[in-house]
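As the structure is a prediction and not an experimental result, all values here were calculated from the model.
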Amino acid sequence: MIKKMIETGKFVGTHGVRGGLRVQPWCDSPEFLCGLKRLYLKNGDEMEQLAVRSSRPHGNIVIMELEGVTSIEQAERLRGRVLFLNREDLRLAEGQYLISDLLDCAVFDDTTGEALGKITEVSKTGANDVWHIEREGQEYLIPAIDEVVKQVDPENGRVTIHPLKGIFD
């Protein structure tokens, strides 16, 4: 399902005394998060825009400085808050999509057209992603590789695969 505003990380602490923040990224890599110049916080039903002054990877987190956050006290008030990105701020290549776009997509067999379930989670394994497909209360794991994944259409909430022999038996 395509969402306009996507959860992308969480403020987990402060860094220094001048308002620096430690961010746990919920995206592919800290570098991806560092490429964004605008982020958002949810305030009730509204989204508050944040201007990123600087950001850099630091291990598996991001050290970030925001416009208007200049003290440790101001930074501390953001601890635990979830960050969002606006899809319109992204430059995705044709055929590229976000993991969040896959969640809840219906999965179909490319040969029979049979509904196989829906994607509930994506695991990053290094070699390839693994999609968790729930079907009638059971979970099946499929590798997200070219031999298996035939069509991804998150706009319509649909994925077509060629299941490996024995996975759904």
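To the nearest 0.5 Å, atoms OH (Y140) and CD (E134) are separated by 10.5 Å. Taking OG1 of T14 as the reference point, atom CD of E73 lies at 9.5 Å (rounded to 0.5 Å). Note that CG of L90 is 6.0 Å distant from CG of L98, once rounded to the nearest 0.5 Å. Rounding to the nearest 0.5 Å places CG of D104 at 4.5 Å from NZ of K118. Considering CZ of F84 and CD of Q49, their distance stands at 14.5 Å, rounded to 0.5 Å. Taking NZ from K37 and OG from S55, the interatomic distance works out to 5.0 Å, rounded to the nearest 0.5 Å.
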### Task
Show the numbers, then the answer: is there a side chain to side chain contact (heavy atoms under 4.5 Å, CB included) between T120 and E139?
CA-CA 9 Å; T120 58; E139 182 178 68; 4.2 Å; yes

### Message
Between R135 and E114, does the salt bridge (Lys or Arg N to Asp or Glu O under 4.0 Å) criterion hold? Intermediate values first, please.
### Response
CA-CA 12 Å; R135 178 182 186 182; E114 175 188 4; 2.5 Å; yes

### Task
For Q24 and V12, run side chain to side chain contact (heavy atoms under 4.5 Å, CB included): C-alpha distance rounded to whole Å, both residues' side-chain angles, the deciding distance at 0.1 Å, then the answer.
CA-CA 6 Å; Q24 176 187 39; V12 293; 3.7 Å; yes

#### Entry: Criterion side chain to side chain contact (heavy atoms under 4.5 Å, CB included) on F168 and I161, from CA distance to verdict
CA-CA 12 Å; F168 290 97; I161 67 168; 4.1 Å; yes

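Using a 4.5 Å heavy-atom threshold, the side chains of L83 and L41 count as touching. Side chains of T8 and W26 form no contact here, defined as non-hydrogen atoms less than 4.5 Å apart. V52 has its side chain out of reach of C34: every pair of non-hydrogen atoms, C-beta onward, lies at least 4.5 Å apart. The shortest side-chain heavy-atom distance between L33 and L85 does not fall under the 4.5 Å cut-off. Side-chain contact check for T160 versus V149: every heavy-atom pair is 4.5 Å or farther apart. Counting only heavy atoms from C-beta outward, the side chains of M64 and L39 approach each other to under 4.5 Å. Using a 4.5 Å heavy-atom threshold, the side chains of P163 and D109 count as touching. Within the 4.5 Å cutoff, the side chain of L66 has heavy atoms near those of the L78 side chain.
Residues V82 and M47 fall within the same hydrophobic cluster, defined by Ile, Leu, Val, Met, Phe, Trp and Tyr side chains chained together at heavy-atom separations under 4.5 Å. Taken together through direct or relayed side-chain contacts under 4.5 Å among Ile, Leu, Val, Met, Phe, Trp and Tyr, L164 and L141 form parts of separate hydrophobic clusters. The hydrophobic cluster containing I167 also contains I119, counting ILVMFWY residues as joined when their side-chain heavy atoms lie under 4.5 angstrom apart, directly or transitively. Taking hydrophobic clusters as Ile, Leu, Val, Met, Phe, Trp and Tyr residues chained together by side-chain heavy-atom distances below 4.5 Å, V130 does not share a cluster with I99. Following chains of ILVMFWY side-chain contacts shorter than 4.5 Å, one can reach I142 starting from V152, so the two form part of one hydrophobic cluster.
For the pair R22 and F11, the cation does not sit on the ring face, since its NZ or CZ is not both under 6.0 Å from the ring centre and inside 45° of the axis.
Closest heavy-atom contact between P154 and Y97: CG-CB, 4.2 Å. Contact detail for G19 and A75: the closest heavy-atom pair is O-CB, 3.8 Å. For the pair S100 and I6, the tightest heavy-atom approach, listed with the atom from each and the gap, is OG-CG2, 3.6 Å. Contact detail for R53 and E67: the closest heavy-atom pair is CG-OE2, 3.3 Å. For the pair V159 and L102, the tightest heavy-atom approach, listed with the atom from each and the gap, is CG2-CD2, 4.4 Å.
Among residue pairs with one or both ends in residues 75-86, those qualifying as side-chain hydrogen bond (donor to acceptor under 3.5 Å, both in side chains) are N43-R81, E76-R79; sequence neighbours excluded.
Salt-bridge annotation for R158 and D153: absent, with no side-chain N of the basic residue lying under 4.0 Å from a carboxylate O of the acidic one. Electrostatic pairing of R87 and D101 counts as a salt bridge here, judged by a charged N lying under 4.0 Å from a carboxylate O. Residues D110 and K150 are not paired through a salt bridge, judged by the lack of any N-O separation under 4.0 Å between the basic side chain and the carboxylate. R56 and E65 are not joined by a salt bridge, as no carboxylate oxygen comes within less than 4.0 angstrom of a charged side-chain nitrogen.
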